[in-house]
There are 2 protein chains.
Amino acid sequence: MRPTVHDIAAEAGVSLATVDRVLNGRPGVRRQTVDKVEAAVSRLGYVRDVTAANLARKRVYPLVFIVPGGPNSFLQNLTAEITAAAQRSSIERTSIRIETVPPFDPGAIVSVLDAIDPKTVSGVGLVATDTADVTGAVDRLVEQGVPVVTLVSDLPGSQRIHYCGIDNIAAGRTAASLIGRFCAGRPGNVLVVAGSMKLSDHAERASGFAAVLEAEFPELGLIGPVETNDDAGTVRRSVEAALAAGPEIVAIYNLGAGNRGLIEALAAHKGKLSAVVAHEVTQHSRQALADGVFDAVLNQDCGHEVRSAIRVLKARADGLDLLTAQERIRIDVFLRDNLP
Amino acid sequence: MRPTVHDIAAEAGVSLATVDRVLNGRPGVRRQTVDKVEAAVSRLGYVRDVTAANLARKRVYPLVFIVPGGPNSFLQNLTAEITAAAQRSSIERTSIRIETVPPFDPGAIVSVLDAIDPKTVSGVGLVATDTADVTGAVDRLVEQGVPVVTLVSDLPGSQRIHYCGIDNIAAGRTAASLIGRFCAGRPGNVLVVAGSMKLSDHAERASGFAAVLEAEFPELGLIGPVETNDDAGTVRRSVEAALAAGPEIVAIYNLGAGNRGLIEALAAHKGKLSAVVAHEVTQHSRQALADGVFDAVLNQDCGHEVRSAIRVLKARADGLDLLTAQERIRIDVFLRDNLP
DNA sequence: CTGTTAGCGCATTCAG
DNA sequence: CTGAATGCGCTAACAG
């Protein structure tokens, strides 16, 4: 039978209230008494029953998620997952508010961040552009005691307490390996398409990709990355232009969004490329994989990311530690054959 | 504010005890009264607070896990994950017992299964050989009301309530795709090495692999599967023999364990194969990937499998439903570049 | 500075 | 068949 606050109280020779004060680090207890209680705690190996505590406290965790809106299918999925989590709120003791901001608009993110009241919010999750003003706003919030986690794309220089997303350098490296192996020695160029180098996930993928391509597949040259702001139309035009331009392109890596545009551009090039790799399983990329237009799709499980973000934020809110293994977001590699 | 049992009692005009009886499906309540309570429940949208219920009930979930022992690194990892979960027992209200049985010994599994007392155990997880006697023992247990889940390898014909593991047909298909693409048209044969066709996971991988190889890569012939009982020494000898035998082997797929033996056999064949694919990230396979001896390793996250098994068993024990997305075990595809 | 007491939402005796 | 009362482990007024 694990010890309870009663056992601690008896062991330390004090009352329940005092034990509670010490346990929760509240003031108004003599140094001596604190020591007695702490001694009892460690002597009996006491661990607080968080569920009982939450019950007594009627605790809820008010959380805010900031996500860019727009046509990006992946971000729409992410939003849907947050919504799904919000629907489980009553059972998970959360209270989730979703703030949609215009895409590629650091100012909008900053506004939302600055408007958050540290008294009434116990955690924030956001998909951020890696710019100084956003970092500043995040740091301000963290200093006020509100834990912040980044989703999908990290804010490397910031005080965010956790990043819920994949290792994007490794993702870029993986893409390069797949493309290099699929090309199997055939020389030529690889076109790299990105959304924006202001997104740290895109920048990291690009650098990981370039590193492996150069080191391990010298027969392949690199064209790009061309930036498209994740707009499908721009992606289509960029790819068409590159394909028409001449220097033989044998593979394409789209490390950003706008897969729809890529698919359209490839319609006229059936089977001419050795490898096409893109990111995120969506309606479009799934179809492209099935049709053999894409050869591989790297993916991050946004449901997992959202659940992880919530766990991390809750754990931090009551000073618990977590299972790091459970919070690692995998780089899913999907071929036509292992699509879920 | 979500409704509580008090609200239901007031709404239905009965006492707390009666509400509780209806909620927990206990007998001794008039049909009329049951209806009144149920009406109130659905009218107010009541959902039971499981944590409060567990507190009041001092509930613990006694779980039994049955895992084969022996030198198999993957199974050792699995056991370690179960042990880790057992250490979290007090906070998760579980009480976990691990039963180690000799590998490839259906009889031993059956003995353990039959010795389980349905009164004192609320769930069972096992790594099973797909044989009739094991299926029978599982079904007996389920019929006595003890939920059983399979880990790693399923028991397709049984009454197990859930399978915590990857889609092994898809895994085999994925391996074939990778090997086919890595060979990039070079003709030759692929050697398939398996542990035992009595393990449904091995059988399924083999069939998925063969199907894709035949349909999509006609230039590649298939040799095997040779069975090794997951013994590293046998793997080594089998691979060496096949490699020496003549018919040009350009790739190897080890869909079972014993990677150590495969690595040893390949030491003399550096760089002669177009592709080597194996399963499960362990100390050995990780090194082989880093060294370029293996080109890809398919993996199942056994930590995830164990946590999932526990969630599923607990949820079943109190009639809750679960997030299916969270319980899907992914086929991890690891190249040298995305090893965690 | 410390102790007493009354719940949180639910389950479970024990009477009636 | 039904209800009142007690307690699970913990927190939070409110006294002292």
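These numbers were taken from a predicted model, which means no experiment stands behind them. Per chain, numbering begins at 1; letters A, B, ... match sequence-line order.
- Under a 3.5 Å cut-off, the side chain of Lys314(B) and the backbone N or O of Arg93(B) do not form any donor-acceptor pair.
- Atom-to-atom, CG of Asp318(A) to C1' of dC10(D) comes out at 13 Å; the value is rounded to the nearest Å.
- Proximity of a side-chain donor or acceptor of His304(A) to a complementary backbone N or O of Gly165(A) within less than 3.5 Å is not detected.
- Partner of Ile82(B) under the side chain to side chain contact (heavy atoms under 4.5 Å, CB included) criterion, out of Ile310(B), Leu63(B), Asn77(B), Ile98(B): Ile98(B) alone.
- Counting to the nearest Å, the P atom of dA11(C) and the NE2 atom of His6(B) are 12 Å from each other.
- Bending across the helix from dC1(C)-dG16(D) to dG16(C)-dC1(D), expressed as the angle between its end axes from five pairs apiece, amounts to 40° (10° rounding).
- In this model, the phosphate group of dC1(D) is not approached by any side-chain N or O of Arg26(B) to a distance below 4.0 Å at OP1 or OP2.
- Both tests pass for Arg59(A) against the ring of Tyr61(A): distance under 6.0 Å to the centre and angle within 45° of the axis.
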Apply side chain to side chain donor-acceptor pair (under 3.5 Å) to Glu143(B) and Gln159(B), showing your working. CA-CA 8 Å; Glu143(B) 273 152 28; Gln159(B) 305 291 314; 5.8 Å; no
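- At a threshold of 4.0 angstrom between heavy atoms, the contacts of Val19(B) with the nucleic acid are absent.
- Put simply, the side chain of Ser111(B) gets close to the backbone of Gly107(B): a donor and an acceptor are under 3.5 Å apart.
- If you check every strand for non-hydrogen atoms under 4.0 Å, Asp49(A) touches sugar and phosphate atoms only.
- A salt bridge links Arg97(B) with Glu99(B): the distance from a Lys NZ or Arg NE/NH1/NH2 to an Asp or Glu carboxylate oxygen falls below 4.0 Å.
- With salt bridges taken as basic N to acidic carboxylate O contacts below 4.0 Å, none links Asp301(A) and Arg330(A).
- One interatomic measurement links the two molecules: CZ of Arg21(B) to C1' of dC10(C), which rounds to 14 Å at whole-angstrom precision.
- The neighbour count for Arg26(B) CZ, taken as heavy atoms of other residues, nucleotides or ligands under 6.0 Å away, is above 12.
- For Arg93(B) and dA11(C), the CZ to C1' distance is 13 Å, given to the nearest whole Å.
- Not one side-chain nitrogen or oxygen of Thr4(B) sits closer than 4.0 Å to the OP1 or OP2 atom of dG9(C).
- Within a 6.0 Å radius of CD1 in Ile91(B), other residues, nucleotides and ligands contribute 12 heavy atoms or fewer.
- If you check residues 52-63 of chain A against DNA chain C, the residues with a heavy atom closer than 4.0 Å are Leu55(A), Ala56(A), Lys58(A), listed by number.
- Distance Leu23(A) CG to dA12(D) P: 12 Å, rounded to the nearest Å.
- Listed pair Thr18(B) / dG3(D) meets the phosphate criterion, a side-chain N or O lying under 4.0 Å from OP1 or OP2.
- Asp7(B) places its CG atom 11 Å from the P atom of dC8(C), with the value rounded to the nearest Å.
- DNA chain C is contacted by Val29(A), Arg30(A), Thr33(A) of residues 29-46 of chain A, taking any non-hydrogen atom closer than 4.0 Å.
- With hydrogens and angles ignored, the 3.5 Å screen pairs a side-chain donor or acceptor of Thr79(A) with a backbone N or O of Leu75(A).
- Phosphate proximity of dA4(D) to Ser15(B): absent, as no side-chain N or O sits under 4.0 Å from OP1 or OP2.
- Rounded to a whole Å, the CG atom of Leu16(A) is 14 Å from the P atom of dA6(C).
- As rounded to whole Å, 12 Å separates atom C1' of dG9(C) from atom CD1 of Ile8(B).
- For the pair Asp154(B) and Arg160(B), the salt-bridge criterion is met [side-chain N within less than 4.0 Å of a carboxylate O].
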